[in-house]
Amino acid sequence: MVRNIAVLASGNGSNAENIIRYFKEKGTAAVSLVLSNRREAFALERAHRLGVPAVYFPKEEWADGEAVLAALREYKVDFVVLAGFLVRVPSNILRAYPSRMVNIHPSLLPKFGGKGMYGDGVHRAVLASGETESGITIHYTNERYDEGAVICQHKCPVLPGDTVETLAARIHVLEYEYYPKVIEQLVLNLG
Ligand code: GRF
């Protein structure tokens with residue numbers, strides 16, 4: 001049985017697209033739905049172009065969770081992937097997907113995580129701190145920002161002369177390489 005994945009994204013959605021393409025090619029799972037909290041999120045457009053249903057829910061619906069949960073059920077979603085999703089997931093949705101919801105964070109957690117640490121702000125903080133390495137953390141999602149159990153981390157160097165853009169690009173390479181593969185392993189191991 002091929003499992004269905006929902007990807008939640010708030011912005012550009014390059015990870016969402018990468019994950020959709022990966023599973024279209026491999027066929028080991030299917031992205032059946034993309035959800036966003038922003039109507040203008042480019043992630044929705046990317047999904048649309050790839051023939052994946054894409055739905056926007058406003059802030060109130062994300063706070064309540066019931067309508068989102070109904071959509072996840074309608075599309076028979078088995079596993080939920082957060083990829084650049086900037087809204088707290090309500091507890092009714094967390095409860096519906098125990099150990100079936102993951103997030104990716106563009107730093108080596110617990111460093112540079114927590115509320116307000118997202119997007120380029122993470123890379124800016126890494127550069128300001130003088131760290132010589134950064135990377136990605138893939139972790140389960142729970143009620144607290146960036147504090148779910150870590151599944152894996154992958155590192156890259158921070159190089160002299162790096163800017164937010166060059167570091168973000170290096171991190172994205174890691175994300176594109178590892179996130180789909182980790183999701184695939186988890187989905188194939190679902191009971
Ligand atoms: C990624 O770096 C992800 O780790 C972070 O937000 C970024 C989203 O990029 N949480 P995109 O929307 O997938 O292009």
Side-chain angles (χ1 to χ4, degrees), residues 5-25 31 33-50 52 54-57 62 79-89 93-94 101-129 131 133-159 162-184 186:
I5 296 169
V7 179
L8 278 47
S10 297
N12 182 26
S14 68
N15 276 284
E17 174 162 350
N18 181 55
I19 294 162
I20 293 169
R21 288 186 183 280
Y22 181 90
F23 287 108
K24 272 186 187 288
E25 198 183 310
V31 177
L33 186 61
V34 170
L35 298 177
S36 186
N37 62 308
R38 286 181 55 224
R39 197 193 298 276
E40 70 281 14
F42 191 53
L44 294 173
E45 174 65 26
R46 290 180 191 265
H48 187 69
R49 288 180 192 171
L50 290 163
V52 176
V55 185
Y56 152 76
F57 285 102
W62 285 104
F79 196 87
V80 178
V81 170
L82 278 57
F85 187 64
L86 301 179
V87 168
R88 188 190 292 274
V89 178
I93 299 180
L94 285 167
M101 191 180 310
V102 294
N103 182 38
I104 191 163
H105 186 81
S107 77
L108 299 170
L109 291 175
K111 287 183 178 176
F112 309 104
K115 195 163 168 54
M117 273 292 179
Y118 63 88
D120 287 349
V122 177
H123 307 309
R124 211 169 290 121
V126 170
L127 292 173
S129 73
E131 295 278 333
E133 62 180 16
S134 188
I136 60 168
T137 303
I138 298 171
H139 63 92
Y140 287 106
T141 304
N142 69 11
E143 311 261 350
R144 300 169 70 86
Y145 284 100
D146 302 330
E147 288 183 22
V150 171
I151 297 162
C152 66
Q153 296 188 306
H154 294 280
K155 295 178 182 174
C156 64
V158 177
L159 300 174
D162 257 343
T163 61
V164 166
E165 289 71 29
T166 58
L167 181 55
R170 201 173 302 124
I171 296 282
H172 265 124
V173 171
L174 289 179
E175 295 185 330
Y176 300 154
E177 166 75 19
Y178 291 106
Y179 206 15
K181 289 180 185 159
V182 171
I183 294 163
E184 182 177 45
L186 295 171

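Starting from 1, each residue takes its place in the sequence as its number. The basis for the numbers below is simple: all heavy atoms, side chains too, and nothing from hydrogens, waters or symmetry mates. One-based numbering, in listed order, for ligands and for the atoms of each.
Partner E133 forms a salt bridge (charged side-chain N to carboxylate O under 4.0 Å, His left out) with one of K155, R170, K111 and no other, that one being K155.
Among protein heavy atoms, the minimum distance from atom 9 (O) of ligand 1 is reached at H172 NE2, 3.4 Å.
Taking only nitrogen or oxygen atoms, main chain and side chain alike, G13 reaches within less than 3.5 Å of ligand 1. For ligand 1, one of its N or O atoms has an N or O atom of N15 under 3.5 Å away.
Per-residue contacts place G84 under 4.0 angstrom from the following atoms of ligand 1 (heavy atoms of the residue considered): 6 (O), 8 (C), 10 (N). Close contacts between ligand 1 and P106 involve ligand atoms 2 (O), 4 (O), 5 (C), 10 (N) [criterion: under 4.0 Å to a heavy atom]. Close approach to N12 involves these atoms of ligand 1, each under 4.0 Å from a residue heavy atom: 12 (O), 14 (O).
Panel note: side chain R46, backbone N12; a donor-acceptor pair is recorded below 3.5 Å.
Distances from atom 1 (C) of ligand 1 to the heavy atoms of H105, E175, H123 put E175 nearest.
Taking the centre of each ring, Y56 and W62 stay at or above the 6.0 Å mark.
Side-chain polar atoms of Y118 and S10 form no donor-acceptor pair below 3.5 angstrom.
The aromatic rings of Y178 and H154 sit parallel, their planes meeting at an angle under 30°, below the 60° perpendicular limit.
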